[in-house]
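Order of the sequence lines sets the chain letters (A, B, ...), proteins ahead of strands, with each chain counted from 1.
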2 protein chains.
Amino acid sequence: MQNHYLNNDRILVALDCIIFGFDRRGLKLLLIKRDFEPEKGKWSLMGGFLKREESLDEAADRILHQLTGLQNVYLEQLYGFGEVDRDPVERTVSIAYYALINIREHDRELLEQYGARWFSVEDLPDLIFDHNEMVQAAKSRLKYRASHEPVGFELLPEKFTMPELQILYEGIYETELDKRNFRRRILSMDVLKKMDEKQKKYSKKGAYFYKFNKDKYQAKINNGDSLVFKPIKL
Amino acid sequence: MQNHYLNNDRILVALDCIIFGFDRRGLKLLLIKRDFEPEKGKWSLMGGFLKREESLDEAADRILHQLTGLQNVYLEQLYGFGEVDRDPVERTVSIAYYALINIREHDRELLEQYGARWFSVEDLPDLIFDHNEMVQAAKSRLKYRASHEPVGFELLPEKFTMPELQILYEGIYETELDKRNFRRRILSMDVLKKMDEKQKKYSKKGAYFYKFNKDKYQAKINNGDSLVFKPIKL
DNA sequence: GCAAAAGTGTTAGAACTACACCCATGC
DNA sequence: GCATGGGTGTAGTTCTAACACTTTTGC
């Protein structure tokens with residue numbers, strides 16, 4: 001490989017974050033209005049460049065924090081996008097990350113500064129560069145992840161109801177689920193704690209709150225159980 | 001994001017290839033003996049640096065070709081490794097790719113030039129930098145991929161026998177399978193063509209050859225069928 | 001009293017797992 | 001004729017998917 005380190009090209013490395021949120025109406029994505037050229041004024045993912053003295057994960061974290069004020073949230077590397085002309089200004093490789101955040105917990109002022117807005121994943125505007133592709137990849141990774149690990153709870157407040165959890169999974173899987181089968185399956189994993197309290201905001205009868213019992217989940221995993229969060233078709 | 005392109009760090013981008021092969025004794029990995037400092041003489045994945053005028057996929061392809069003489073083989077991006085000090089010489093981000101090749105079809109002379117050798121995946125030497133981690137990631141990606149798509153055939157010659165296919169899947173999943181259940185499941189997908197010919201090299205009775213019918217598979221996929229190649233526990 | 005959302009069980013069919021013996025042939 | 005690897009079938013169990021009515025309560 002004649003692999004002297006000299007004489008190789010040094011290249012801009014960017015990070016782009018696909019930021020998912022959830023409210024009762026469905027899955028959301030946080031996009032920003034690009035305020036510089038090229039493509040100024042178009043919608044875009046939040047991004048930034050890798051610095052020499054930080055790791056990829058640290059950089060993604062920093063960039064997510066910049067926009068949302070949040071730290072220590074679910075953040076997973078997705079894919080490296082590396083077409084030669086993906087950025088028209090300069091050759092840039094971008095590593096995409098996706099984040100799952102509780103939509104109620106971010107810094108609204110920062111969002112305004114960046115001209116950011118939440119969009120329903122079913123109705124996204126056209127994005128710059130290859131960002132549409134990145135979003136697609138994030139959506140399918142999320143489907144996969146959600147069917148093997150309890151990532152759904154990252155998008156929900158600590159207390160949530162069964163109907164909310166179901167709407168979330170329906171959003172992730174882009175399909176409708178049968179509520180009897182859904183409840184049975186979720187509850188059979190035995191990692192949710194039912195509260196006495198009810199959510200009365202959205203119905204007269206009220207829906208019981210549940211909490212995800214992370215410790216119990218971890219114990220089961222360490223015990224070798226493989227809990228699956230697969231969807232159930234209607 | 002104050003995102004002028006100037007004043008950002010340009011960084012070395014490397015590619016490392018986890019190259020899988022298969023022979024009747026199990027899954028193999030192709031490693032090279034590093035012939036330059038640092039870590040000269042240690043085993044390593046085949047790697048190289050991204051050039052400004054090529055895409056990540058092209059670079060991975062080039063590097064794979066350099067070592068094996070092969071092109072147009074199965075090659076999938078795995079993950080971007082980006083710890084600050086992962087390469088002691090200079091800050092380098094490495095995008096790992098894994099390849100599935102037919103172990104009989106590579107260029108033996110090239111291998112010798114690079115001091116390359118096939119190792120059983122169950123008995124790998126310690127590798128440089130974070131290459132051990134890369135191999136781990138590749139193994140689990142391969143498990144996932146093999147349970148959803150017919151990637152196993154990339155590792156086999158055009159004609160193969162059921163026992164061979166089973167050994168391959170056992171290698172990928174690192175588990176033993178029941179041969180009756182395995183055959184039933186594979187054949188029920190109805191994408192293998194049984195030949196009249198038998199492989200007589202490894203048994204007196206001989207085992208029938210099969211071919212993977214890629215067109216039939218594609219037709220089923222396009223038809224919305226979701227064929228699964230899951231393992232079956234013993 | 002009625003509208004609106006929450007909650008609850010059963011059943012038929014499919015898929016999964018476990019398991020043991022016969023076959024063909026080269027020596 | 002026997003050792004070696006190739007090939008085959010069944011039954012019990014579990015999992016999945018389909019499906020409709022009752023409950024609660026604010027208005």
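Rounded to an integer number of Å, the gap from CD of Glu176(B) to C1' of dC19(C) is 15 Å. The distance between atom CG of Leu177(B) and atom C1' of dG7(D), rounded to the nearest whole Å, is 17 Å. If you take CE of Met162(A) and P of dT23(D), they are 21 Å apart, rounded to a whole angstrom. Atom-to-atom, CG of Leu165(A) to P of dG7(C) comes out at 12 Å; the value is rounded to the nearest Å. What separates CD of Gln199(B) from P of dT25(C) is a distance of 15 Å, to the nearest Å. Nucleotide dG6(D) holds its C1' atom 11 Å from the NZ atom of Lys200(B), rounded to whole Å. Between Asp178(A) atom CG and dT10(C) atom C1' there is a gap of 13 Å when expressed in whole angstrom units. Rounded to whole Å, the distance from NZ on Lys201(B) to P on dG26(C) is 16 Å.
Applying the side chain to side chain donor-acceptor pair (under 3.5 Å) test to Ser94(A) and every residue at least two apart in sequence or in another chain returns Asp16(A). For Asp107(A), there are no side chain to side chain donor-acceptor pair (under 3.5 Å) partners two or more places apart in sequence or in a different chain. Take Glu105(A) and apply the side chain to side chain donor-acceptor pair (under 3.5 Å) test, not counting sequence neighbours, and it matches no residue. Residues that satisfy the side chain to side chain contact (heavy atoms under 4.5 Å, CB included) test with Asp130(A), not counting sequence neighbours, are Phe81(A), Arg86(A), Glu133(A), Met134(A).
In this structure a side-chain-to-backbone donor-acceptor pair under 3.5 Å is present from Asn222(A) to Gln218(A). Remark: the backbone N or O of Thr161(A) is paired with a side-chain donor or acceptor of Glu164(A) at under 3.5 angstrom. Without hydrogens or angle criteria, Glu170(B) side chain to Leu177(B) main chain gives a donor-acceptor distance under 3.5 Å. Checked by atom type and distance alone, the side chain of Asn213(B) never pairs as donor or acceptor with a backbone atom of Val191(B) at under 3.5 Å.
Contacts with DNA chain D (heavy atom under 4.0 Å) in residues 184-191 of chain A: Arg184(A), Arg185(A), listed by number.
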Could you go through nucleotides 2-6 of chain C and list every protein N or O atom that sits under 3.5 Å from one of its N or O atoms, giving the distance for each pair?
residue, atom, partner, partner atom, Å
dA6(C), O3', Gly206(A), O, 3.3
dA6(C), N7, Lys179(A), NZ, 3.4
dA6(C), N3, Lys205(A), NZ, 3.1

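Tyr208(B) OH: 12 or fewer foreign heavy atoms inside a 6.0 Å radius.
Nearer the 5' end of DNA chain D, as judged by each residue's closest nucleotide, is the contact made by Arg180(B), out of Pro231(A) and Arg180(B).
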